[in-house]
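Reading through the structure tokens given below for one structure.
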Amino acid sequence: MPDATRSPAARGDAAEPAAVAELPDPPAPADVHARVVDWFAEHARDLPWRRPECTPWGVLVSEVMLQQTPVARVLPRWEEWLRRWPTPADAAAAPAAEILTVWDRLGYPRRALRLQAAAEAIVDRHGGEVPDTREELRALPGIGEYTAAAVACFAFSRPEVVVDTNIRRVHARVFSGAALPGQTYTAAQRRLAVELMPATEPDGGRTACAWNAATMELGALICTARSPQCAICPVAELCSWRAAGFPPPTEEQKTRGQAWAGTDRQVRGALMAVLRRGEPVEPEALLDGLDLPEASADQRRRCLDSLLADGLAQRTAAGVTLPQ
DNA sequence: AACGCGGGGGT
DNA sequence: ACCCCAGCGTT
């Protein structure tokens with residue numbers, strides 16, 4: 001079983017033949033489609049936003065929450081969100097403070113405000129119904145290329161080209177023979193994803209939609225970034241990365257570790273954690289109360305100002321609070 | 001194309 | 001300690 005960061009070739013095993021220099025031919029897409037879609041039918045996780053009774057709004061909420069946040073942490077927040085606000089109109093009418101409190105520690109709380117703004121736009125422009133085309137979805141706040149395609153596909157069965165980090169990694173390995181796709185989503189990767197889409201005839205795009213979901217799931221469960229489970233992968237025999245001898249990621253492909261300690265993100269997160277307690281706080285008490293010895297007074301002030309500017313915090317007579 | 005933006009669990 | 005996670009908006 002290969003390790004993406006320490007492939008057999010990189011370990012320099014004496015018994016291991018040197019990795020072949022040139023890439024083998026990539027597999028026929030149709031062969032990969034069949035195996036991955038069949039695997040998905042058998043092994044897909046039973047996630048609530050995949051159930052037939054889940055509304056398009058539920059799918060949209062799940063996709064926004066899942067932007068950079070793992071499934072396990074999203075699940076309880078998604079349940080709570082849909083229980084409180086089962087329709088876009090419900091979320092649009094909620095106080096922003098409540099939106100941010102239910103969002104809790106999912107991270108990137110600006111997503112929560114954008115999701116509420118999307119709900120408002122759905123009420124204003126679409127009569128309260130989640131729009132069913134990629135273009136209309138793309139125009140909503142916080143809905144980018146990925147999320148627009150994902151909602152159109154998973155909620156409305158439209159055969160859009162869905163490309164997320166999992167899918168980019170599976171494509172890179174199976175078809176390009178690379179260990180990792182690299183940090184930025186390139187035009188070449190987009191073209192590859194388009195070429196790999198199953199034909200929408202004769203099944204009206206059912207296979208195309210299944211391919212999107214199945215490839216994403218394969219990347220999440222089997223073809224993972226760190227320790228891929230090639231031993232149980234349905235396309236191991238077709239995989240270009242495997243055929244090439246599991247070449248390790250190049251420097252270009254390695255993900256640059258994003259700093260955390262000492263960043264504004266950490267300070268903003270600490271401030272938000274205090275505000276989520278729900279009690280108004282005097283600015284001085286808020287800034288002085290942070291348990292971040294390394295954070296300067298300047299940084300604390302700057303971060304509070306940025307939260308106010310982002311609409312994630314508000315000044316009131318009683319002190320700083322979540323936006324009312 | 002590169003950067004800022006949270007937070008926690010797996011290795 | 002480090003790395004990764006169903007990205008988006010701005011520059």
Side-chain angles (χ1 to χ4, degrees), chain A residues 1 3-6 44-45 47-50 58-78 100 103-115 117-118 137-155 160-170 180-190 193 212-221 223-228 249 252-273 275-276 292 302-303 306-307 309-312:
Chain A
M1 208 155 335
D3 181 308
T5 55
R6 279 178 5 112
R45 289 170 291 181
L47 300 172
W49 45 84
R50 284 181 178 162
V59 173
L60 192 158
V61 171
S62 80
E63 291 298 342
V64 172
M65 288 184 169
L66 286 163
Q67 292 166 2
Q68 299 288 278
T69 304
V71 168
R73 263 201 299 155
V74 164
L75 277 168
R77 299 296 88 212
W78 183 87
L100 291 167
W103 192 262
D104 196 29
R105 290 171 297 177
L106 283 183
Y108 298 129
R110 295 187 297 189
R111 286 184 295 164
L113 295 185
R114 292 193 188 118
L115 181 53
L137 289 160
R138 181 65 184 79
L140 298 173
I143 308 299
E145 178 178 338
Y146 161 76
T147 306
V151 173
C153 177
F154 303 146
E160 302 292 350
V161 180
V162 177
V163 185
D164 77 325
T165 187
N166 286 313
I167 289 176
R168 290 202 302 131
R169 186 174 54 251
V170 171
L180 294 171
Q183 50 275 60
T184 55
Y185 178 37
T186 65
Q189 290 175 7
R190 164 82 193 178
N212 285 329
T215 307
M216 199 177 305
E217 190 79 338
L218 187 72
L221 297 183
C223 195
T224 56
R226 205 79 76 88
S227 308
E252 187 69 18
Q253 290 164 356
K254 286 181 184 172
T255 59
R256 282 194 283 269
Q258 40 184 8
W260 169 243
T263 60
D264 285 3
R265 276 191 2 259
Q266 184 187 30
V267 176
R268 284 166 55 102
L271 290 168
M272 288 299 293
L275 297 181
R276 278 194 304 265
L292 293 172
R302 177 174 75 242
C303 288
S306 73
L307 291 179
D310 287 346
L312 288 165

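Values reported hereafter were calculated over all heavy atoms of this structure, with side chains retained and with hydrogens, waters and symmetry mates removed. Within every chain, numbering begins at 1; the chains are lettered A, B, ... in the order of the sequence lines, protein sequences first and strands thereafter.
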Separation between the P atoms of dA6(C) and dT11(B), rounded to whole Å: 14 Å
Base, sugar-phosphate or nothing for [X]? Non-hydrogen atoms, less than 4.0 Å.
X	result
Arg276(A)	sugar-phosphate
Thr186(A)	nothing
Trp103(A)	nothing
Leu106(A)	base
Gly107(A)	base
Gln183(A)	nothing

Between [N] ([atom2]) and [X] ([atom1]): distance, integer Å:
X	N	atom1	atom2	answer
Arg111(A)	dC5(C)	CZ	P	15 Å
Lys254(A)	dC4(C)	NZ	P	10 Å
Leu292(A)	dG7(B)	CG	C1'	13 Å

With the threshold set at under 4.0 Å for non-hydrogen atoms, list the residues of residues 262-273 of chain A touching DNA chain C in residue-number order. none
Does Asp310(A) have any salt bridge (charged side-chain N to carboxylate O under 4.0 Å, His left out) partners at least two apart in sequence or in another chain, and if so, which? Arg110(A), Arg268(A)
In terms of side-chain heavy atoms, does Tyr146(A) have a donor or acceptor partner in Gln67(A) at a distance below 3.5 Å? no
Between the side chains of Arg77(A) and Thr69(A), does any donor sit under 3.5 Å from an acceptor? no
Taking C-beta and beyond as the side chain, do Arg111(A) and Trp103(A) meet within less than 4.5 Å on heavy atoms? yes
Leu137(A) and Thr147(A), any side-chain heavy atoms less than 4.5 Å apart: no
Pull out every residue in residues 61-69 of chain A that has a heavy atom closer than 4.0 Å to any atom of DNA chain B, ordered by number, or say none. Gln68(A), Thr69(A)
Which heavy-atom pair separates Val162(A) from Cys153(A) by the least distance, and what is that distance? CG2-CB, 4.1 Å
Phosphate contact ([N] OP1 or OP2) by [X] side-chain N/O below 4.0 Å:
X	N	value
Arg73(A)	dA6(C)	no
Ser227(A)	dG10(B)	no
Arg169(A)	dC5(C)	yes
Arg105(A)	dG8(B)	yes

5'-most contact on DNA chain B (nearest-nucleotide basis), Ala187(A) vs Arg114(A), goes to Ala187(A)
Per nearest nucleotide of DNA chain B, the residue lying toward the 5' end, Thr184(A) or Trp260(A), is Thr184(A)
Counting heavy atoms from C-beta on, name the nucleotide in dC5(C), dA6(C), dG4(B) closest to the side chain of Val71(A). dA6(C)
Spell out yes or no: do the side chain of Arg226(A) and the base of dC3(C) have one donor N/O and one acceptor N/O closer than 3.5 Å? yes
Need to verify one output field. Residue with the more 5' nearest nucleotide on DNA chain C, Leu140(A) or Gly219(A)? Gly219(A)
On DNA chain C, more 5' by nearest nucleotide between Asn166(A) and Pro141(A) is Asn166(A)
